[in-house]
S.K.: 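Shown below is the structure under consideration.
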Protein chains: 2
Amino acid sequence: MATDASAVEAPEAYTELLSEIERVNAVESASEILSWDQQVMMPESGTPARSKQLSTLSSLSHDLLVDGPVGDLLDDLEDEPLSDEQQAVVREVHRQYVRAERVPGELVEEISEATSEALGAWESARENDDFDEFAPHLERLVDLKRQYADHIDPDADPYAVLFADYEPWLPLSQAESILDELRETLVPLIEDIRASDADLATDAFEGTYDTEVQEELSREVLELLDYDFSRGRLDVSTHPFTSGNQFDCRVTTRFDESDPIGALTSTIHEFGHAYYTLGLPDEQFGSPLGDHRNLSVHESQSRLWENHVGRSAAFWRLLLPKFESAFPQADDLSPQDAYEAANQVYDENFIRVEADELTYHLHIIVRFEIERELIGGDLAVSDVPERWNELYEEYLGITPPSDAMGCLQDIHWSHGSFGYFPTYSLGSVMAAQLYDAASDEIDDLEPKIEAGNFEPLGEWLRENIHQHGQRYRTNELVVEATGEDFTAEAFIDYVTEKYGELYDC
Amino acid sequence: MATDASAVEAPEAYTELLSEIERVNAVESASEILSWDQQVMMPESGTPARSKQLSTLSSLSHDLLVDGPVGDLLDDLEDEPLSDEQQAVVREVHRQYVRAERVPGELVEEISEATSEALGAWESARENDDFDEFAPHLERLVDLKRQYADHIDPDADPYAVLFADYEPWLPLSQAESILDELRETLVPLIEDIRASDADLATDAFEGTYDTEVQEELSREVLELLDYDFSRGRLDVSTHPFTSGNQFDCRVTTRFDESDPIGALTSTIHEFGHAYYTLGLPDEQFGSPLGDHRNLSVHESQSRLWENHVGRSAAFWRLLLPKFESAFPQADDLSPQDAYEAANQVYDENFIRVEADELTYHLHIIVRFEIERELIGGDLAVSDVPERWNELYEEYLGITPPSDAMGCLQDIHWSHGSFGYFPTYSLGSVMAAQLYDAASDEIDDLEPKIEAGNFEPLGEWLRENIHQHGQRYRTNELVVEATGEDFTAEAFIDYVTEKYGELYDC
């Protein structure tokens, strides 16, 4: 393949390939809307019809990819001269094709059935705090996903193959060394914080906050951040999420009358996801060049806005007056109080989704290590609870009071999603590196944030991340954006400095 | 084929056929949700992605039907012994297959492009009151739809072929004679009404009615009518519509602060559609036995609830106290006032969607006659405005002040929907016949309505119409439900009696 011909006219096979993949992706983006509707709008009894619609679309998009001309077109294109962008498209379609083509349909169906059954079992097991209810399902899913990995690449570490479903272009070894570095930094840092005498305004937001007013405030924050409501919506759902494409990307959030900060950070987090999606190029809709890079990069965008913007002192100097005008009860708070409350590190928290910015990663790392042992055959399913509690004691110094608040807390395993969790931490780490680079290139970024001027940061992200779609692999993208390899350095500096200052340690 | 073996075990080809058609219908029902979302929830800039999703699903469901095994399975089943129900399924799938298979893909695409362009031209032509802007598009669509009809059946009257897209199992000749009868009854009846001295409470609902309170009242009415909100929703859209399946069927309505009756009748109309869809058998989802019969039957259900229930004196005796408690400004009205206001016949109305129960059909008949002449080649497109005005003068004694309020008023032609309009009137006529039969079989139906007990009527419709899906052809279904052939008799008796009494003529 030629690599330097950026203006090469597209070979016919390339044009056909693009048209085929646009159809596959149109079906998948249709399914995404159906899932959004299911979680946000669908009446409660609509499930049987919705399941049938979704499973039919899923099998159709699989068949379109595997049984249509895509395989032959990819072969035809092997010896064609292609521009860099065309090569990127072919690389991404090839990867998608190979993963779909190598896994037998029966196994896909078996996994789909097993996850359906596991979901109900997990819900019941968590409710009854009875790991044994879930164990046989987890065993079956571990087995099925190992088979799945074996079909895709029998010579590779199966966990690396599963991880690549969510993060295709970052070697697992690199992910692992980043996570190791996090653990080595965060475990002692959290110990120091716990030993600190610092007196933070942790109860600044105690009290009750009307959820309708919270919703208005969330809308105001979205407007402030330049969320384009002509291409989006804000709704409420049990678990906040973002869904859509560059023309129509919707966020959801949730409100709890005792936790106004939780709703705001969750709204800002989802905004970060949506802002990325809305920054993908319009004219590339349906092509890999118009699709987001992968889960780590997506999470880097949500975490950058949530943590580096939404939990910053500058942001709270901007937001507090708006917060106080929505909630006059809070009018004796200082921006520093709000900043401290939004960044407190909890002494004892067992639940990942309620964790602070630091302990969060240890929740991830525990699960990552257990997943590796499970998929690698080094840990029996029946030993998961014991291993879970052992690692919580070791890294967080706490022992979950129950499996429900321990290894049963998250839904992901019942979906068969092994390899997904690390992308949460990798995204946070990447966010710190990107935010550092943006700060270097944008004059007075902090004062701009304090003034409510988010456009320079938004533009920087659009130009350095969003517009590229899947043009670059993950590491290449980080190098393009920051001039440096993807490492944990910026994140470690960020947390060490921020929490050192907050907790005087 | 055997016709008497209701318990015949299904041949393998039948089971396969059903599974294939379930997939086709799952894709179509997915598209329906996407269209609902587009009209009710989608942010304004979402169109490019939505169009691509919908056109992809449309071509996929077409290919599934035509390029998959359906054709061969239908051949295999020709000589198999089948139960009555199985025969009905094969009959419906065969019809769907033949119509899809005979029309070349290029023509389908050409029609799709032509309607896209015609839509914009129609909007502009209506806004500028300039028929000439729309005329070339209308000419092209008339030509394309004649070609379409010719592919399906070159020996048939092309208008009959187009009509059968909406009403497959009612001969056009029968439809025509029913519409002729309507015209012959309604033209002189409306003349008599206009000549009458009766003094109806036509301005009973003058004033301003808060639209949020109207929405609450619409919800209350839906609850009253036993709409199952666990399988549905009420939302607002520019044009009220109903969308969904037996598990999830949603209605929309619109509110105008000067017309509270318009919102209520429109909500009740859409309820009638939804109640039908929700009455289709759950276990037949995706099969023709779980799908609605066709547009005339669908419209019979909406019109039955809208007119025979929602505009009845008994219903207003029930509803008025609720209306007055929502709108205390109306507390000096009597049920008779409300009944008269809801049933007034307008002296001069040019717009179909704003018409009363009588003049409505003359709007339909004018368009039906013009469509037949256009498709039959007896009327040039350029002569449509003149012909339109001529027929309005003849049937309604009024001349539209402009083409915008005349032949350009409705969107349907820009969709290429010729043959659709008659189903509106046929549905109303069928509603009268069904309501008559229900009244005969249910003791004290009117007092039950007045008491808010809608269950007996609902049950009668479930048993006699809804549960059958497409088991019977249209005429057969009317015979099954009423014991008599489908005719205009009941409708003519109903309007003659009701409006004779109201207007003393």
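Residue numbers begin at 1 in each chain, while the letters A, B, ... track the order of the sequences.
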S.K.: Scan side-chain atoms only and decide if B:Ser218 and B:Thr253 contain a donor-acceptor pair under the 3.5 Å cut-off.
M.R.: no
S.K.: Is a side-chain donor-acceptor pair under 3.5 Å present for B:His292 with B:Gln470?
M.R.: no
S.K.: Please state whether the side chain, the backbone, both or neither of B:Asp228 comes within less than 4.5 Å of a heavy atom of chain A.
M.R.: neither
S.K.: Only one of B:Val93, B:Val70, B:Leu64 passes side chain to side chain contact (heavy atoms under 4.5 Å, CB included) with B:Val24; say which it is.
M.R.: B:Leu64
S.K.: So which of B:Ala26, B:Ser31, B:Ser45 has the largest heavy-atom pair count under 4.5 angstrom toward chain A?
M.R.: B:Ser45
S.K.: Quick one: of B:Asp37, B:Val27, B:Asn245, who has the most non-hydrogen atom pairs under 4.5 Å with chain A?
M.R.: B:Asp37
S.K.: Which bit of B:Glu28 is near chain A, if near means a heavy-atom gap under 4.5 Å: side chain, backbone, both or neither?
M.R.: neither
S.K.: Under a 4.5 Å cutoff for heavy-atom pairs, which residue among B:Asp63, B:Asp248, B:Asn25, B:Leu57 has the most contacts with chain A?
M.R.: B:Asp248
S.K.: Please state whether the side chain, the backbone, both or neither of B:Ser59 comes within less than 4.5 Å of a heavy atom of chain A.
M.R.: side chain
S.K.: Could you tell me whether the side chains of B:Glu44 and A:Ser230 share a donor-acceptor contact shorter than 3.5 Å?
M.R.: no
S.K.: Any idea which of A:Arg50, A:Gln246, A:Arg250, A:Met42 has the most non-hydrogen atom pairs under 4.5 angstrom with chain B?
M.R.: A:Arg250
S.K.: Would A:Arg293 pass as a cation-pi partner of A:Tyr276, given that its NZ or CZ must be under 6.0 Å from the six-membered ring centre and within 45 degrees of the axis?
M.R.: no
S.K.: Under 3.5 Å, is there a donor-acceptor pair linking the side chains of B:Gln39 and B:Ser237?
M.R.: no
S.K.: Pairing donors with acceptors under 3.5 angstrom, does anything connect the side chains of A:Ser302 and A:His273?
M.R.: yes
S.K.: Counting only non-hydrogen atoms closer than 4.5 Å, does A:Asp235 touch chain B with its backbone (N, CA, C, O), its side chain (CB onward), both, or neither?
M.R.: neither
S.K.: Using a cut-off of under 4.5 Å for heavy-atom pairs, which of B:Lys52, B:Met41, B:Glu22 has the most such pairs with chain A?
M.R.: B:Met41
